[in-house]
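Below is one structure, written out as structure tokens, with a few remarks after it.
By convention in this document, chain letters (A, B, ...) are assigned in the order of the sequence lines, proteins followed by strands, and residues within each chain are numbered from 1. No experiment lies behind these values; they were computed from the predicted model shown.
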Number of protein chains: 2
Amino acid sequence: MRLLIVEDTADVAEAASASLGRAGFACDVAPTLADARACAGLTDYGVVILDLNLPDGSGRDFLRERRRAGDRTPVLVLTAQSAVEDRVGALDEGADDYLVKPFDLRELEARVRALTRREAGRAENRVTLAGLDFDPAAQSLRVNGATVSATRRELALLNLLVANRGRIMPKDRLFDGLFGFENADVGDNAVELYVARLRKKLSGSGVAIETHRGLGYRLEVAGDG
Amino acid sequence: MRLLIVEDTADVAEAASASLGRAGFACDVAPTLADARACAGLTDYGVVILDLNLPDGSGRDFLRERRRAGDRTPVLVLTAQSAVEDRVGALDEGADDYLVKPFDLRELEARVRALTRREAGRAENRVTLAGLDFDPAAQSLRVNGATVSATRRELALLNLLVANRGRIMPKDRLFDGLFGFENADVGDNAVELYVARLRKKLSGSGVAIETHRGLGYRLEVAGDG
DNA sequence: GCGGCGATGACAGCTTGGTGACAGCTTCGC
DNA sequence: GCGAAGCTGTCACCAAGCTGTCATCGCCGC
């Protein structure tokens, strides 16, 4: 899952990016409205984290633009304690949640997760498919009851595949979800590599990553057509 | 389905062509207005993707010409962020949709799909005919409930036949849709080959590809006249 | 019955994906 | 700080399967 962090204060953006990155999200940072627009034009995000107070205008303008353009990506607004008015206004304009600065990184992570969860239409975080038991929040993965350790990227990939199970996911889309812009120079077969590693860990779970040559990958649950 | 991409920036054209190619469209690229005119004269396209800013003139001229000539092929216009006037003008002149550069390839794909869908008069992407269940977006094909894997070309062919079901599709039209100009050296019976392969996969579905000697092929749904 | 179009099985080339080994980097414990 | 462990991504080589050609056979229409 890929996030856009629209925030001009470098250390806040960095901290959020690092924390969410550890949580398995690929983060792009946009320090200005202009950057945010450029990013939004280039790819789809799972969640946008939007500071309202930006050097070249208000984040509310950006939010309004996106909603007018029919974009329903969940937006989490960051505001100063005092800016009650802005906060309410942003919610009216289609923001999904807000967080008052300064905030705790763990709370940010929890809220982002809640938004992605809501998006996926799942009431719970935890996903159980055949012998696979996956909790993205706890980053925990169990195969046939046994805990399996997986790396950040592996979990991110699993997340993408689980969210789109039954559908063929083109490789470039998985690539987009796994790596942000800053990792754009990663080789072509990085996705294949992680698919291979994930497959090993999922083997025997009844859940398989099918290859569809020239099309992409699909998560298939045994006995689920 | 065959697309014409009128775009002079080589890497943009290439990326779009690759992405849409993966999505099952055969793409021809025209870097100039002159090329675009030549292509339009040679074959019919399902959608034209038209950059307005071209080395030998404005894409708007091309659009106007085509519309005057009675050509109603859906046109998706590409414009720069700033060129609001051009965008509005193009819509007035009969463009069906526009996309601001830089754009996300997935958004392009989605819009192209929307245009082809609109053309076919279908509200939904997913098609269910007798025992056949086909979702071009997910590249998923089910026959009598069972998932059947198909290759890119097979899916492209099915797409063409489904979009024109009940109508006889001349072989050269299918050929055009399956292969762009760059594959013009492909043998004559390539279409027959893919028809045969697709037939095998569709057998028992209640949907059949009829041969009409000297005329072409038609997708027929059992008990559906 | 003949001519020609279409069907189909076999095959080879080539693109695409799989995988093991390895090196750099980060992270974490001490 | 230092060192170790493990995560990451690259490379090279191998395997798989998609693709399109060819040849042969069947079949339809005339």
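Around atom CZ of Arg173(B), no more than 12 heavy atoms belonging to other residues, nucleotides or ligands sit under 6.0 Å away.
Note: CZ (Arg152(A)) to P (dG6(D)) measures 16 Å, nearest angstrom. The CG atom of Leu198(B) sits 15 Å away from the C1' atom of dT8(C) (whole-angstrom rounding). Between Phe175(A) atom CZ and dT10(D) atom C1' there is a gap of 13 Å when expressed in whole angstrom units. Atom CD in Gln139(B) sits roughly 15 Å away from atom C1' in dC18(D) (whole-Å rounding). Per the geometry, NZ belonging to Lys201(A) stands 17 Å off P belonging to dG18(C), to the nearest Å. Taking atom CG of residue Leu178(A) and atom C1' of nucleotide dC7(D), one finds them 14 Å apart after rounding to whole Å. Distance CD (Glu210(A)) to P (dG18(C)): 12 Å, rounded to an integer number of Å. Put simply, CZ on Arg153(B) is 11 Å from P on dT21(D), counting in whole angstrom units.
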Could you list all N or O pairs between the protein and nucleotides 3-7 of chain C that sit under 3.5 Å apart?
{"unit_1": "dG4(C)", "atom_1": "N2", "unit_2": "Arg213(B)", "atom_2": "NH1", "d": "3.3"}
{"unit_1": "dC5(C)", "atom_1": "O2", "unit_2": "Arg213(B)", "atom_2": "NH1", "d": "3.3"}
{"unit_1": "dC5(C)", "atom_1": "O2", "unit_2": "Arg213(B)", "atom_2": "NH2", "d": "2.8"}
{"unit_1": "dG6(C)", "atom_1": "OP1", "unit_2": "Gly214(B)", "atom_2": "N", "d": "3.2"}
{"unit_1": "dG6(C)", "atom_1": "OP2", "unit_2": "Lys171(B)", "atom_2": "NZ", "d": "2.6"}
{"unit_1": "dG6(C)", "atom_1": "O4'", "unit_2": "Arg213(B)", "atom_2": "NH2", "d": "3.4"}
{"unit_1": "dA7(C)", "atom_1": "OP1", "unit_2": "Arg199(B)", "atom_2": "NH1", "d": "2.7"}
{"unit_1": "dA7(C)", "atom_1": "OP1", "unit_2": "Arg199(B)", "atom_2": "NH2", "d": "3.4"}
{"unit_1": "dA7(C)", "atom_1": "OP1", "unit_2": "Thr211(B)", "atom_2": "OG1", "d": "2.7"}
{"unit_1": "dA7(C)", "atom_1": "OP2", "unit_2": "Tyr217(B)", "atom_2": "OH", "d": "2.6"}

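At the phosphate of dG20(D), OP1 or OP2 sits under 4.0 Å from a side-chain N or O atom of Tyr194(B). An OP1 or OP2 oxygen of dG20(D) is reached within less than 4.0 angstrom by no side-chain nitrogen or oxygen of Arg197(B).
A salt bridge is defined here as a Lys NZ or Arg NE, NH1 or NH2 lying under 4.0 Å from an Asp or Glu carboxylate O, and Asp188(B) with Lys171(B) fails to meet this definition.
Phe134(B) pairs in a side-chain contact (heavy atoms from CB on, under 4.5 Å) with only one of the listed residues (Val207(B), Leu202(B), Thr128(B), Leu155(B)), which is Leu155(B).
Counting only distance, with no hydrogens or angles, the side chain of Asp176(B) and the backbone of Thr43(B) share no donor-acceptor pair below 3.5 Å.
The side chain of Leu193(A) lies closest to dG20(C), out of dT21(D), dT19(D), dG20(C). Taking the side chain of Lys200(A) as heavy atoms from C-beta on, and the options dT8(D), dC18(D), dG20(C), the nearest nucleotide is dG20(C).
Counting only heavy atoms from C-beta outward, the side chains of Glu7(A) and Leu78(A) approach each other to under 4.5 Å. Met169(B) has its side chain out of reach of Leu157(B): every pair of non-hydrogen atoms, C-beta onward, lies at least 4.5 Å apart.
Nucleic acid contact for Asp188(B): none, since no nucleic acid atom lies under 4.0 Å from a heavy atom of the residue.
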- Item | Verdict with reasoning, Arg167(A) to Asp135(B), per salt bridge (Lys or Arg N to Asp or Glu O under 4.0 Å) | CA-CA 9 Å; Arg167(A) 234 192 307 234; Asp135(B) 184 343; 5.9 Å; no
